[in-house]
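To keep things clear, I will list the structure first and then write my remarks on it.
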Protein chains: 2
Amino acid sequence: MALSRNEITNAALRILRKYGFADLSMRRIAADLEVQPSALYWHVHNKQELLVLTATAILEHCRGEDLPQLARSIRAALSSVRDGADVALIAVAASPEPLPGLAQIPPLLRGFGLSDQDAEWGAKTLEHHILAAVAAEQNAEALGRDVDPLAPEAFDFGVRAILKGLGAERGVVDEPVLF
Amino acid sequence: MALSRNEITNAALRILRKYGFADLSMRRIAADLEVQPSALYWHVHNKQELLVLTATAILEHCRGEDLPQLARSIRAALSSVRDGADVALIAVAASPEPLPGLAQIPPLLRGFGLSDQDAEWGAKTLEHHILAAVAAEQNAEALGRDVDPLAPEAFDFGVRAILKGLGAERGVVDEPVLF
DNA sequence: ACCTGAACACCGTTCAAGT
DNA sequence: ACCTGAACACCGTTCAAGT
């Protein structure tokens, strides 16, 4: 059975779950697939592209009716894979096109009357909070620091603050239309 | 003249400025200092510690009377070194104690009447936006993507949105006390 | 105290050659 | 088309040994 981008991505996810990002090397993935490292390069341009594929797989199937819900869905998806947020952070830095899940943020913001510009900038702010907050949680865990039991509250607090602020930009803060 | 943590940190900053984060290796720093790589380990525990020292040096001398000012000061400091935001992102992940500059955020938030909990969480949200936004700008530049001329506006937009949202949490959004 | 020299166990990536 | 084998140019870190 020939190798494929999908199998390679799944191998990456396996290594991530079991050993974390520090152990996610092309050579390790190849070993996991019982293949020479160079074989991977017929299917994938380089490690960066593979990380984008991996982050895309992690964030597939994220959805939410409203933004707080979507944000929690993204947090859950990232949290389901060890160091998932770090991989996503690198993927958004490497890829010009938005990752699934994150791509749903701007339309939801526009749906509440934000201009294209405000929705774009607001989406970035939200995205930064989501990715960095989960990365901080996961890094704390990786370093053996005890996990903050209030992490979900802290996460939601940030999401709500940003959404309120984006509403406030347009003077609609009194009626909580955004959530 | 014996080696020192300061000289090592400065060598790291030189390499960062000239060649960027991808070229910032212990071996490269050692070569720059005309010293064996192993010599560095007498002064520094490992690369992570050196990155924390480097980020600390980058963010030294950040100040601002209010939060939008402080945020711009941090942005300027990070922007002054190639891939500075990436280094800071790794440093905050690695170090339990806050970096200079970022450490000034919570007291400023408390100064406007936020509870300790709200100030702490709000500071994280602000910190995530600041670091991730500058990292995105710098990564876009590194990838040869044309720099967005509106980047400063986008940055300020996010800062203001978060501050308004934090104010809104306490019902003080009508009077713009935070800035 | 401070550094060298040599080694260990890795990396990502390329590319001719095989099938 | 798809993969192997071998190589290139690197990594971070350790540690005995020198001074």
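Naming convention: chains lettered A, B, ... in sequence-line order (proteins, then strands); numbering from 1 in each chain. Being a predicted model, the structure only gives us computed values, none of them experimental.
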So with a 6.0 Å cut-off around CD of Glu141(A), is the heavy-atom count from everything else above 12?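 No - once you tally the heavy atoms of other residues, nucleotides and ligands closer than 6.0 Å, there are 12 at most.
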Mark yes when over 12 heavy atoms from residues, nucleotides or ligands other than Lys124(B) sit less than 6.0 Å from its NZ; otherwise mark no.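 Atom NZ in Lys124(B) is not packed in, count stays at 12 or less.
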Starting from [atom2] on [N], measure out to [atom1] on [X] and report it in whole angstrom.
X: Met26(B); N: dT13(D); atom1: CE; atom2: C1'; value: 9 Å
X: Arg27(B); N: dC8(C); atom1: CZ; atom2: C1'; value: 11 Å
X: Asp23(A); N: dC11(D); atom1: CG; atom2: P; value: 20 Å
X: Leu33(B); N: dC2(C); atom1: CG; atom2: C1'; value: 14 Å
X: Lys47(A); N: dC11(D); atom1: NZ; atom2: C1'; value: 12 Å
X: His43(A); N: dT14(C); atom1: NE2; atom2: C1'; value: 16 Å
X: Arg28(A); N: dC11(D); atom1: CZ; atom2: P; value: 22 Å
X: Ile90(A); N: dG12(C); atom1: CD1; atom2: P; value: 12 Å

Remember a base hit wins even if backbone is also touched, and classify Ser38(B) as base, sugar-phosphate or nothing at under 4.0 Å, heavy atoms.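 Base, at least one base heavy atom under 4.0 Å.
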Assess Arg72(B) against Phe155(B): is NZ or CZ under 6.0 Å from the centre of the six-membered ring, and within 45 degrees of the ring's axis? no
Between Tyr19(B) and Arg82(B), is there a cation-pi geometry (under 6.0 Å to ring centre, at most 45° from the normal)? no
Arg110(A)/Glu120(A) under salt bridge (Lys or Arg N to Asp or Glu O under 4.0 Å): CA gap, chis, key distance, verdict: CA-CA 9 Å; Arg110(A) 277 193 297 268; Glu120(A) 189 190 321; over 6 Å; no
Quote, to the nearest angstrom, the P distance that separates dA9(D) from dA9(C).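 Comparing P positions in dA9(D) and dA9(C) gives a spacing of 23 Å.
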Side chain of Tyr41(B) only, please: which of dC3(C), dG12(C), dT13(D) is the nearest? dT13(D)
Counting only side-chain heavy atoms from C-beta out, which of dT13(C), dC2(C), dT13(D) sits nearest to Pro37(A)?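 That would be dT13(C).
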Residue closer to the 5' end of DNA chain C, His45(A) versus Ser25(A) (nearest nucleotide):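 Looking at the nearest nucleotide for each, Ser25(A) comes out on the 5' side.
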May I ask which nucleotide in the shown strands pairs with dA16(D), Watson-Crick or G-U wobble, both distances under 3.5 Å?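 When the pairing criteria are applied, dT4(C) turns out to be the nucleotide that pairs with dA16(D).
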Answer for the Watson-Crick or wobble partner of dC11(D), both distances under 3.5 Å, is none
Contact under 4.0 Å: Gln36(A) side-chain N or O vs dG5(D) OP1/OP2: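 Checking Gln36(A) against dG5(D): at least one side-chain N or O falls below 4.0 Å of OP1 or OP2.
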